[in-house]
K.L.:
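This is the structure, below, for whatever I ask next.
Proteins come first, then strands; the chains are lettered A, B, ... in the order of their sequence lines, and each starts at number 1.
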Number of protein chains: 2
Amino acid sequence: MARNFASSDMAHGPIYKRIKNQLTERLASGEWKPNEAIPSETRLAQEFDVSIGTIRKAIDELVADKILVRQQGRGTFVAAHTQDRFLYHFFHVVNEDGTRRLPVTELLAFRKERADEGVARRLFLDRGARVVHFRNLLCIEGAPVEVNDVYLSADRFADFTRDLLANRPGTIYQLYQDHYGINVIRISERIRSAAAQHPEAQLLGLPGGAPVLAIERTAFTYGEAPVELRRSLVNTEHHVYLNEMAKQV
Amino acid sequence: MARNFASSDMAHGPIYKRIKNQLTERLASGEWKPNEAIPSETRLAQEFDVSIGTIRKAIDELVADKILVRQQGRGTFVAAHTQDRFLYHFFHVVNEDGTRRLPVTELLAFRKERADEGVARRLFLDRGARVVHFRNLLCIEGAPVEVNDVYLSADRFADFTRDLLANRPGTIYQLYQDHYGINVIRISERIRSAAAQHPEAQLLGLPGGAPVLAIERTAFTYGEAPVELRRSLVNTEHHVYLNEMAKQV
DNA sequence: AAGTGGTCTAGACCACCAT
DNA sequence: TGGTGGTCTAGACCACTTA
């Protein structure tokens, strides 16, 4: 013992950073699934042959990233999405007065197709790769507010069926998590204003040419790997897209 | 010397939490000003009579909260808003391809007036209260992209002049910080889609009725006190509003 | 060279949970 | 009772900045 080295004994960077990366990789590989416990700090310290303090520092950062959750006396677990923790997290469309209501989803279309240029680029796929594509209509208190076109890699989401989508209990991201062990941890949205056209305008109960929000969202899992592309049109006549930010990162 | 207590020797909660609170209070009292160094970890450890590791843990959290900034070899400093650290934080309009460019601001109008219903509600003022109102045009690479109408309480921002605004070096929030000691720490934005009308459409180089983003932003300081109301119209023909969210809170 | 933050260790005891 | 995470210590050496 008493190795007392500060920076490394291989590769580069601090040990705890490399341990963090290795843990992230094992998370991404599916070795530990959402809501499962990872090995105890003591065991990891033995496995990596470092002090417990170093393991704790690696885990500290993963906890800060909301990738792991500690529970004193029980263990450290893989963070998972729940209805509450999730829906209101990445779903930002609320009533005009700021109150939140649960949206009701209606599946309008479902098919497998080939990725065009735009879809392929966002999902890091080759053009022409097989993708699952479905369209949703979201209504809040009976009023249509959002049309979603969702694209997934057919490879990654093998055996993805219309039934799976229709009969799920929770959010779509819970479906990815529970059926495919894919945990969405980051989202990037690009928002523009557009004029609604024929079919979508009607779905949203708007006249042709009415202004709507056009949102292109990419969802990522561990290691910045894209999971889902979603293109949404939002009717903001009686709803708003609410974005709150604290001084952070 | 080996006191080895875990929770406390007075009050409640872990020592590092109480040290964090005390440091925060001394920060708030103005004992250390933005960009000044706080005492070294060694000195603080002596002062509080705890191990350096405990001080580090307290400072770790303040750094995570972006209240302090560490610089190896130099010291630990009180975080301040700077051009970089700030502008790109609450300013989300970027080029179509995702690249960020510094916007150029042009002051179009400046006057003091009475708060109408909407302004008063957002700023927690009485209707008719005196407010500062100014209008900005933001251009990115020469192209007009955003018109801002900004409202401030004339009471809180006493002696706020056109010159102050025109001759400031950094961002507007730096101005609030440096001249009024008001630190914006949270922002809430309500985004809708709208059709641009006469004067604003022209300013943005758009035909009347063109779809634009209409953003109503409220900026808050400590204690959820509203500081500024800003109404923006954004031309998204060649720019997008980029919103990135990690799994958080 | 002196001082600062950055990393790491080895071991102590506490608080909490399951059994 | 045994295992887990939570806090704290005392001291080592590294990396960086300043003078």
K.L.:
When you measure from the side-chain N and O atoms of B:R43 to the phosphate of C:dG3, is any distance below 4.0 Å, counting only OP1 and OP2?
P.N.:
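Looking at the OP1 and OP2 atoms of C:dG3, neither is under 4.0 Å from any side-chain N or O of B:R43.
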K.L.:
Could you tell me how far apart A:F48 (CZ) and C:dT7 (P) are, to the nearest whole angstrom?
P.N.:
18 Å
K.L.:
If you measure from the Lys or Arg side-chain nitrogens to the Asp or Glu carboxylate oxygens, is any gap between A:E216 and A:R122 under 4.0 Å?
P.N.:
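Here A:E216 pairs with A:R122 in a salt bridge, since their nearest N and O are under 4.0 Å apart.
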K.L.:
Can you tell me if the side-chain N/O atoms of B:T42 get under 4.0 Å from OP1 or OP2 in C:dG3?
P.N.:
no
K.L.:
Take the protein atom CD of A:Q46 and the nucleotide atom P of D:dG3, then report the distance between them rounded to whole Å.
P.N.:
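So the CD-P distance, A:Q46 to D:dG3, works out to 12 Å.
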K.L.:
What is the distance, rounded to the nearest whole Å, between atom CZ of B:R56 and atom C1' of D:dA10?
P.N.:
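Going from B:R56 (CZ) to D:dA10 (C1'), I get 15 Å.
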K.L.:
When you check the phosphate oxygens OP1 and OP2 of C:dG3, does a side-chain N or O of B:S40 lie under 4.0 Å from one of them?
P.N.:
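No, no such contact exists.
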K.L.:
Which whole-number value in Å describes the distance from A:I52 CD1 to D:dG3 P?
P.N.:
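These atoms are roughly 13 Å apart.
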K.L.:
Are A:E47 and A:R26 within salt-bridge range, i.e. N to O under 4.0 Å?
P.N.:
yes
K.L.:
Counting side-chain heavy atoms from CB outward, which of D:dT9, C:dC16, C:dC8 is closest to A:Q72?
P.N.:
C:dC16
K.L.:
Between P on C:dG3 and CG on B:L44, what's the gap in Å once rounded to a whole number?
P.N.:
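The answer, rounded to whole Å, is 17 Å.
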K.L.:
By nearest atom, which of the nucleotides C:dG5, D:dT7, C:dC8 is closest to the A:I15 side chain?
P.N.:
C:dC8
K.L.:
Would you indicate which nucleotide in D:dG5, D:dT9, C:dT9 comes nearest to any side-chain atom of B:T54?
P.N.:
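Closest nucleotide among those given: D:dT9.
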K.L.:
Out of C:dT7, D:dT7, C:dC17, which has the shortest distance to the side chain of B:Y16?
P.N.:
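So the nucleotide nearest the side chain must be D:dT7.
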K.L.:
When A:Y241 is tested against each of B:N243, B:L213, B:I215 for side chain to side chain contact (heavy atoms under 4.5 Å, CB included), which residue passes?
P.N.:
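Going through B:N243, B:L213, B:I215 one by one, the side chain to side chain contact (heavy atoms under 4.5 Å, CB included) with A:Y241 is satisfied by B:N243 alone.
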K.L.:
If we ignore hydrogens and angles and just use 3.5 Å, is the side chain of B:R70 paired with the main-chain N or O of B:I59 as donor and acceptor?
P.N.:
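A pair under 3.5 Å: no.
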K.L.:
Taking the nucleotide of DNA chain D with the nearest heavy atom to each, does A:G73 or A:D60 sit closer to the 5' end?
P.N.:
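The residue whose closest nucleotide sits nearer the 5' end is A:G73.
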K.L.:
What nucleotide, of D:dG6, C:dT7, C:dT9, holds the atom closest to the side chain of A:R70?
P.N.:
D:dG6
K.L.:
How long is the line joining NZ of B:K17 and P of D:dT7, in whole Å?
P.N.:
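Rounding to the nearest Å, NZ of B:K17 and P of D:dT7 are 8 Å apart.
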K.L.:
Check the distance between D:dC16's C1' and B:F77's CZ and give it to me in whole angstrom.
P.N.:
13 Å
K.L.:
Closer than 4.0 angstrom, basic N to acidic O: yes or no for B:K20 and B:D65?
P.N.:
yes
K.L.:
According to a strict under-4.0 Å criterion, is B:R74 in side-chain N/O contact with OP1 or OP2 of C:dG5?
P.N.:
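Result: no.
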K.L.:
Quick one: is D:dC8 close enough that its OP1 or OP2 comes under 4.0 Å of any side-chain N or O from B:S51?
P.N.:
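Result: no.
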K.L.:
Hey, is the side chain of A:K57 poking within less than 4.0 Å of OP1 or OP2 on C:dC8, counting only N and O atoms?
P.N.:
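For C:dC8, OP1/OP2 do not have a side-chain N/O of A:K57 under 4.0 Å.
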K.L.:
Could you state the atom-to-atom distance from CD1 of A:I59 to P of C:dC8 in whole Å?
P.N.:
14 Å
